[in-house]
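Each remark here refers to the structure printed beneath this line.
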Amino acid sequence: MAALITLEQINKSFLTEEIETRALKDITLSIEQGEYLSFSGPSGCGKSTLLSLLGLLDVPTSGRYTLNQIDVSDLSRNERSRIRSTRIGFVFQAFNLISELSVEENVMLPLTYQPASVQSGMKDKVRDVLDKVDMLHRCNHFPSQLSGGQQQRVAVARALVNDPAMILADEPTGNLDSKNAEAVMALLDQLHGDGSTICMVTHDPASAQRASRQVELFDGQIVADSQRSGRAQIQPGSEQPSLAGEGVS
Ligand code: ADP
Ligand code: MG
């Protein structure tokens with residue numbers, strides 16, 4: 001089966017005041033459906049940039065990105081936004097709920113971009129996902145009436161409501177105390193168990209270990225990529241460990 005996502009030789013540079021920052025350098029990565037990846041590494045190493053590219057919020061400077069066997073590296077803004085709103089669920093560190101909308105209305109929002117055929121079953125779908133994150137009893141509340149952990153669970157429901165091909169989470173527990181963080185991590189575990197594909201940025205080693213595959217970035221490059229079983233893969237373009245002194249020469 002073809003991978004859900006392939007990134008080939010992806011580069012991303014930002015140009016500000018004549019200074020070029022190479023945020024991502026020759027990233028090659030393939031992600032299968034149902035995988036749960038964590039991306040970690042020091043601040044500024046390119047984690048958020050990589051997640052933005054995966055989420056079609058931005059385009060690479062060079063390289064090829066294939067999603068569901070479609071080359072999405074070079075789509076127009078409109079085409080990217082259509083795929084993004086129907087196929088990708090986002091969870092952000094700051095929850096990003098709309099304060100004027102109720103829980104139910106916030107979760108419904110992504111569905112308003114869907115065709116009318118999908119919208120007809122909208123209410124049921126919203127209730128389903130709110131139930132899944134155990135927030136159905138708060139559907140008429142407003143974000144300000146909820147704890148951080150509850151708000152993030154609502155944000156996860158919003159990410160799930162259009163049955164996305166993948167969920168992208170950037171530091172989803174970064175603004176939470178440890179108890180609420182654990183509830184959100186447990187929710188991601190559960191979604192992974194149910195078959196969701198998840199890419200999560202985190203700088204917390206314990207959270208990274210919850211994922212089934214850990215990818216480490218340093219200075220815009222992938223420097224480690226390992227499954228929880230301990231199998232390690234070396235990416236093309238990254239530093240190869242020296243074999244000097246091993247075996248016969
Ligand atoms: P991380 O999420 O790992 O902390 P980022 O992906 O946010 O890192 O940033 C990677 C590098 O790219 C940093 O040097 C950052 O300053 C730079 N960068 C990110 N976004 C922009 C932007 N929009 N304009 C200019 N530089 C940027
Ligand atoms: Mg970041």
Side-chain angles (χ1 to χ4, degrees), residues 5-31 35-65 67 72-77 80-81 84 88-97 148-149 151-152 155-156 158-159 164 166-178 180-181 184-185 188 197-211 213-226 233-235 237-239:
I5 287 167
T6 55
L7 300 178
E8 295 164 76
Q9 299 282 308
I10 292 281
N11 287 279
K12 179 67 181 177
S13 298
F14 294 104
L15 200 58
T16 40
E17 290 158 13
E18 317 273 301
I19 298 169
E20 187 191 21
T21 305
R22 292 190 64 198
L24 296 174
K25 301 170 188 165
D26 289 330
I27 298 283
T28 292
L29 180 71
S30 123
I31 303 174
E35 279 196 292
Y36 178 8
L37 277 77
S38 64
F39 294 105
S40 46
S43 177
C45 70
K47 304 179 295 293
S48 294
T49 303
L50 180 56
L51 215 65
S52 301
L53 294 184
L54 285 171
L56 298 173
L57 290 166
D58 205 347
V59 287
T61 308
S62 67
R64 187 203 299 263
Y65 173 12
L67 171 60
V72 293
S73 7
D74 219 6
L75 296 180
S76 71
R77 188 175 285 263
R80 278 191 283 128
S81 113
R84 195 167 61 235
I88 300 170
F90 290 94
V91 179
F92 301 97
Q93 177 170 356
F95 324 135
N96 295 14
L97 299 175
Q151 290 188 53
Q152 194 62 305
V156 171
R158 180 185 56 187
M166 61 174 157
I167 295 165
L168 303 179
D170 196 345
E171 301 276 6
T173 62
N175 285 13
L176 300 177
D177 59 49
S178 58
N180 279 307
V184 168
M185 291 308 298
L188 294 179
T197 308
I198 304 172
C199 295
M200 170 186 65
V201 164
T202 181
H203 65 253
D204 170 34
S207 298
Q209 288 303 319
R210 299 283 279 262
R213 177 175 169 194
Q214 287 83 34
V215 176
E216 276 173 54
L217 295 172
F218 186 79
D219 201 11
Q221 290 186 295
I222 293 177
V223 292
D225 183 347
S226 59
Q233 300 163 355
I234 300 299
Q235 292 290 320
S238 67
E239 293 284 318

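When a ligand or atom number is given, it counts from 1 through the structure's own listing order.
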Decide, counting backbone as well as side-chain atoms, whether S48 has an N, O or S atom less than 2.8 Å from the Mg ion (ligand 2). yes
Considering heavy atoms of the protein only, find what lies nearest to atom 14 (O) of ligand 1 and give residue, atom and distance to 0.1 Å. T21 CG2, 3.6 Å
Yes or no, since that's all I need: does a protein heavy atom fall within a distance strictly under 4.0 Å of atom 22 (C) of ligand 1? yes
Heavy atom under 4.0 Å from ligand 1: found in T49's side chain, backbone, both, or neither? both
What's the shortest distance from atom 27 (C) of ligand 1 to any protein heavy atom, and which residue and atom give it? F14 CD1, 3.3 Å
Take I5 and L67 through the side chain to side chain contact (heavy atoms under 4.5 Å, CB included) test and state the conclusion after the steps. CA-CA 5 Å; I5 287 167; L67 171 60; 3.8 Å; yes
Closest heavy-atom approach to atom 13 (C) of ligand 1 among A23, C45, G46, G44 is made by G44
Run through T173, N180, L176, N175 and flag the one making a side-chain contact (heavy atoms from CB on, under 4.5 Å) with Q152. L176
If we ignore hydrogens and angles and just use 3.5 Å, is the side chain of K47 paired with the main-chain N or O of G41 as donor and acceptor? yes
Would you mind checking which non-hydrogen protein atom is closest to atom 7 (O) of ligand 1, with the distance to 0.1 Å? S48 CB, 3.8 Å
Can you confirm whether F90 sits close enough to L57 that some side-chain heavy atom of one is under 4.5 Å from a side-chain heavy atom of the other? yes
Any chance you could lay out the side chain to side chain contact (heavy atoms under 4.5 Å, CB included) test for V201 and E171, step after step, and finish with the verdict? CA-CA 5 Å; V201 164; E171 301 276 6; 4.2 Å; yes
Where the side chain of R64 meets the backbone of E8, is there a donor-acceptor pair that is under 3.5 Å apart? no
So for ligand 1, is K47 a polar contact partner (N or O within less than 3.5 Å, distance only)? yes
